[in-house]
There are 2 protein chains.
Amino acid sequence: MRSSTKHDDTEKKPRGRPRAYDPETALRQAAEAFWKTGYSGTSLDDISAATGMNRPSLRAAFGDKHEIYVKALNDYWELKFAALDRAFGSGGTLAETLTRVYDAALSIYFSGSDQVLGCFVVGTAITEAAGDTEIQSIVAEGFRRIDADFEARFKLARAVGDLKQGADPKALALLASATMHTLAIRARAGTSRSELKKLAHKVVSVICG
Amino acid sequence: MRSSTKHDDTEKKPRGRPRAYDPETALRQAAEAFWKTGYSGTSLDDISAATGMNRPSLRAAFGDKHEIYVKALNDYWELKFAALDRAFGSGGTLAETLTRVYDAALSIYFSGSDQVLGCFVVGTAITEAAGDTEIQSIVAEGFRRIDADFEARFKLARAVGDLKQGADPKALALLASATMHTLAIRARAGTSRSELKKLAHKVVSVICG
DNA sequence: CATGTTTTGTACTAGATCGCATAAAAAGCT
DNA sequence: AGCTTTTTATGCGATCTAGTACAAAACATG
């Protein structure tokens with residue numbers, strides 16, 4: 001938001017003691033901790049261990065536990081949207097695009113360094129969403145966006161003749177999103193990546209065939 | 001398991017002080033507590049408050065926190081399977097059956113007394129599944145069974161001519177399960193019941209039409 | 001009515017968890 | 001070098017959490 005995603009040499013050096021840790025990577029490490037054990041299952045000490053920062057530094061940098069989680073959640077959505085945008089935007093047939101989208105999702109779901117963690121949102125935020133309106137609305141907004149992306153792609157496919165005229169883009173978009181949800185769930189439930197790739201392939205065949 | 005689901009008058013009266021709470025309803029109350037706030041987010045004191053039992057009684061009746069949760073999880077699967085079996089077994093066309101199945105699922109997902117809680121498994125067990133092999137296998141086994149139920153129903157539909165010969169029952173079963181998953185997720189993310197009913201209707205139309 | 005049996009209710013211990021207060025460290029500025 | 005600023009690091013206190021020990025209560029049996 002405010003500072004150096006790309007280093008900006010016009011910035012003056014800050015006044016006091018320099019930070020020992022990069023905020024971006026620290027947030028990502030905190031997110032990984034939440035990703036493994038969920039919001040309630042992760043203590044600030046866990047996050048402290050994951051980032052190498054001590055608790056007062058964590059608080060100064062990101063706020064309390066809830067704020068850290070919300071930042072991690074927003075960060076995850078950005079990561080995911082970026083990956084999906086790339087998958088949606090690389091051209092090709094509808095089937096090719098859908099396959100790329102699901103591959104991109106699986107790459108994230110299987111990105112855990114030592115375990116399979118699935119989707120951060122489905123795997124951790126959904127649990128909190130029931131009792132936390134802020135998290136709930138962040139989650140819902142992300143889903144809306146993905147639904148819209150799918151729907152736009154199906155409309156395009158129908159216009160181009162890649163999909164038959166009678167097809168309902170909104171209905172297909174919901175099915176496409178549902179497929180992403182089931183991938184997220186099943187990844188965390190232990191289904192292997194190759195199995196999920198087959199699942200995605202079958203779905204693409206049904207939708208496009 | 002061992003005793004009175006239906007009261008069994010051949011049982012002798014137990015020897016000591018009678019239980020103040022019915023184990024079955026207590027377990028259901030404990031499950032509702034977990035359902036709201038997840039495994040880690042629910043303390044034994046919360047469960048104690050929900051059931052009216054104090055902690056030593058809880059432990060004597062159900063074991064430690066993890067055992068209580070596992071019992072609640074198995075109990076939920078039983079409840080859900082019973083509802084699905086009814087929905088699958090009531091005859092009618094494929095479209096009618098699927099609609100009944102999703103209605104049954106939504107009835108459970110919206111059964112919370114004061115909030116919408118979605119699916120117990122998707123909303124709470126999936127979070128734990130990543131780091132808990134016992135929970136993971138219980139979850140995975142339930143999914144397998146539902147997948148199989150759907151597949152059997154699609155095979156039947158194809159045999160009866162309710163579905164075109166080229167249809168792939170396994171692929172459709174995965175789509176049908178995915179739809180249930182997305183209902184579970186979206187319910188907890190705040191989507192209204194009527195909206196989800198429409199979603200299910202669209203999916204049924206795509207699958208059957 | 002005394003005894004044994006089982007459950008309930010209270011209370012204590014140990015450890016986890018979080019927030020915060022305070023000191024020490026590391027830099028820039030004059 | 002001394003002062004200011006910002007971060008890091010340590011540690012304390014209050015609360016939460018889980019497990020368990022122990023006494024009281026409630027019942028059946030003889």
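Numbered from 1 within each chain, the chains take letters A, B, ... in sequence-line order.
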[N] [atom2] sits how many Å from [X] [atom1], rounded?
X     : N      : atom1 : atom2 : answer
A:H66 : C:dG19 : NE2   : P     : 12 Å
A:M53 : D:dT7  : CE    : P     : 10 Å
A:L58 : C:dT17 : CG    : C1'   : 14 Å
A:N54 : D:dC12 : CG    : C1'   : 15 Å
A:R17 : D:dT7  : CZ    : P     : 11 Å
A:R15 : D:dC3  : CZ    : P     : 14 Å

Side chain of [X], heavy atoms from C-beta onward: which of [options] has the nearest atom to it?
X     : options             : value
A:S57 : D:dT5, C:dG9, D:dT8 : D:dT8
A:Y21 : C:dT6, D:dT8, C:dG9 : D:dT8
B:P56 : C:dT7, D:dT8, C:dG9 : C:dG9

inquiry  = Let's see if you get this right: which residues in residues 32-40 of chain B place a heavy atom under 4.0 Å from DNA chain D?
reply    =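 Those residues: none at all.
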
query = For residues 120-141 of chain B, which residue pairs qualify under salt bridge (Lys or Arg N to Asp or Glu O under 4.0 Å), counting only residues two or more places apart or in two chains?
reply = B:E141-B:R144

Any residue meeting side chain to side chain donor-acceptor pair (under 3.5 Å) with B:T133, in chain and number order, not counting sequence neighbours = none

Might you list the N or O atoms of the protein lying below 3.5 Å from N or O atoms in nucleotides 13-19 of chain D, with each pair's distance?
from, atom 1, to, atom 2, distance (Å)
D:dA18, OP1, B:K65, NZ, 3.3
D:dA18, OP2, B:L44, N, 2.6
D:dA18, N7, B:R55, NH2, 3.3
D:dG19, N7, B:R55, NH2, 3.3
D:dG19, O6, B:R55, NH2, 2.5

query = By ring pair (Phe, Tyr, Trp, His ring centres under 6.0 Å), which residues pair with A:Y21, not counting sequence neighbours?
reply =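 For A:Y21, no residue satisfies ring pair (Phe, Tyr, Trp, His ring centres under 6.0 Å) once neighbours in sequence are set aside.
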
Pairing residues for B:R145 by the salt bridge (charged side-chain N to carboxylate O under 4.0 Å, His left out) criterion, not counting sequence neighbours =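 Scan of B:R145 (salt bridge (charged side-chain N to carboxylate O under 4.0 Å, His left out), adjacent residues dropped) gives B:D85.
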
key: Sequence neighbours excluded, every pair satisfying ring pair (Phe, Tyr, Trp, His ring centres under 6.0 Å) that has a member inside residues 88-114 of chain B   =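 Output for this query lists B:F88-B:F150.
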
request  = Give every residue pair that meets the ring pair (Phe, Tyr, Trp, His ring centres under 6.0 Å) criterion with at least one member in residues 175-206 of chain B, sequence neighbours excluded.
outcome  = B:F143-B:H181

request  = For residues 44-54 of chain A, pull every pair meeting side chain to side chain donor-acceptor pair (under 3.5 Å), keeping only residues two or more places apart or in separate chains.
outcome  = A:S43-A:D46, A:D45-A:R55, A:N54-A:S57

5′-ward residue of the pair B:G16/A:A20 relative to DNA chain D = A:A20

key: Under-4.0 Å salt bridge between A:R28 and A:E32   = no

query = Can you check whether A:A33's main-chain N or O pairs, donor with acceptor, with A:T37's side chain at less than 3.5 Å?
reply = yes

